[in-house]
Amino acid sequence: MELVPALARWLHLMAGVMWIGLLYYFNFVQVDAMKAATADGSAAGISKHVAPRALLFFRWSALVTWLAGAALLGPYFKTAFSLQPSHAVIGIGAWLGTIMLFNVWVLIWPNQRKILGLAKATDAQKNTARRVAFLASRTNTMLSIPMLFFMAAGAHSGVYGF
Amino acid sequence: MVSAQYTADAFVARRCQKTPEENKIVKNPLDSLWGTIISGLILTVVLYVFLKNFLLPGV
């Protein structure tokens, strides 16, 4: 067994499942649940106890996924990100994952801090933050579809006709 | 000095602002789950065609 690639792949998959799982939880469950909870006055339970914990694991699993993926690429990191033919398939997946990581740390998390009251913000700033965080989260959900396709295709290129 | 975070926030905030007319006419597919999923599937096809024709021609 090649220890580093084997551990990196394992870690990449575990952290990736947590990251994308929580992303889908936010988009497929929490957004609509918050609307219903706001309507019956029970939204505080989600925003105070659920969302901060989910965001903690969400943002750090995103970083771990990316770092493990970079370790997995190893000497082919540059080849993949420059989309050279030998690693173009995984390279597209890697670029999509990188854009998603950027969205998590630069757009979603800072704006969620304002929404959840962890950072100072006026009501107008909170409203803008809600829209920005929502669209960044939805963008990541959209990008996850081709990202997972190219990640799978990179590891099983024959099945996908590459 | 303007931080990168501030610049990114300001950029996105500007991009998210719509005129009242745009709000009436243009619908963002990302506002609905199905729109998001369909957009992701279309993007997958676009990237697949790009990959096959421009990055891996002849493969």
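Fair warning: this is a prediction, and the values are worked out from it, not measured in the lab. Quick note on labels: first sequence line is chain A, next is B, and so on, each numbered from 1.
Atom CG of A/Asp123 has 12 or fewer neighbouring heavy atoms from other residues, nucleotides or ligands inside a 6.0 Å radius. By the neighbour-count criterion of 12 heavy atoms within 6.0 Å, atom CZ of A/Arg59 is densely surrounded, having more than that number from other residues, nucleotides or ligands. Within a 6.0 Å sphere centred on CZ of A/Phe81, heavy atoms belonging to other residues, nucleotides or ligands number more than 12. Annotation for A/Phe57: atom CZ does not count as buried by contact number, only 12 or fewer foreign heavy atoms lying within 6.0 Å. Counted within 6.0 Å of CH2 on A/Trp109, heavy atoms from surrounding residues, nucleotides or ligands total more than 12; the atom is thus considered enclosed.
Within the 4.5 angstrom heavy-atom criterion, atoms from both the backbone and the side chain of A/Thr139 approach chain B. Only the side chain of A/Ile92 comes within less than 4.5 Å of a heavy atom of chain B; its backbone N, CA, C and O stay farther away. Proximity to chain A (any heavy atom under 4.5 Å) is shown, for B/Leu41, by both the backbone and the side chain. When heavy atoms are compared at a cutoff of 4.5 Å, A/Val31 does not approach chain B at all.
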Inset, instruction - Output, in order, the C-alpha distance, side-chain angles, deciding distance and verdict of side-chain contact (heavy atoms from CB on, under 4.5 Å) for B/Leu55 and A/Val89. - result: CA-CA 9 Å; B/Leu55 297 179; A/Val89 180; over 6 Å; no

Inset, instruction - Begin from the C-alpha positions of B/Leu47 and A/Phe149 and carry the test side-chain contact (heavy atoms from CB on, under 4.5 Å) through to its verdict. - result: CA-CA 10 Å; B/Leu47 288 171; A/Phe149 176 90; over 6 Å; no

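For the atom pair CZ (A/Phe28) and CG (B/Leu33), the distance works out to 5.0 Å, reported to the nearest 0.5 Å. For the atom pair B/Ile37 CD1 and A/Arg138 CZ, the distance stands at 9.0 Å (nearest 0.5 Å). In this structure, CZ in B/Phe50 is found 7.0 Å from CG in A/Leu83, a value given to the nearest 0.5 Å. To the nearest 0.5 Å, atom CE of residue A/Met142 and atom CD1 of residue B/Ile42 are 10.0 Å apart.
The heavy-atom pair separating B/Gly40 from A/Pro146 by the smallest distance is O-CD, 3.6 Å. Contact between B/Thr44 and A/Phe150 at its shortest, heavy atoms only, is O-CZ, 4.2 Å.
Residues B/Ile38 and A/Ile145 do not share a hydrophobic cluster, clusters being chains of Ile/Leu/Val/Met/Phe/Trp/Tyr side chains in contact below 4.5 Å. Using a 4.5 Å cut-off between side-chain heavy atoms of Ile, Leu, Val, Met, Phe, Trp and Tyr, with links allowed through other members, A/Trp66 and A/Leu148 fall into the same hydrophobic cluster. One hydrophobic cluster, built from ILVMFWY side chains closer than 4.5 Å, holds both A/Ile99 and A/Leu67. By the rule that hydrophobic residues join a cluster once side-chain heavy atoms approach within less than 4.5 Å of another member, A/Val29 and B/Trp34 end up as members of one cluster.
The aromatic rings of B/Tyr48 and A/Phe162 lie tilted to each other, with the angle between the two planes from 30° to 60°.
At least one donor-acceptor pair under 3.5 Å links the side chain of B/Lys52 to the backbone N or O of A/Gly161.
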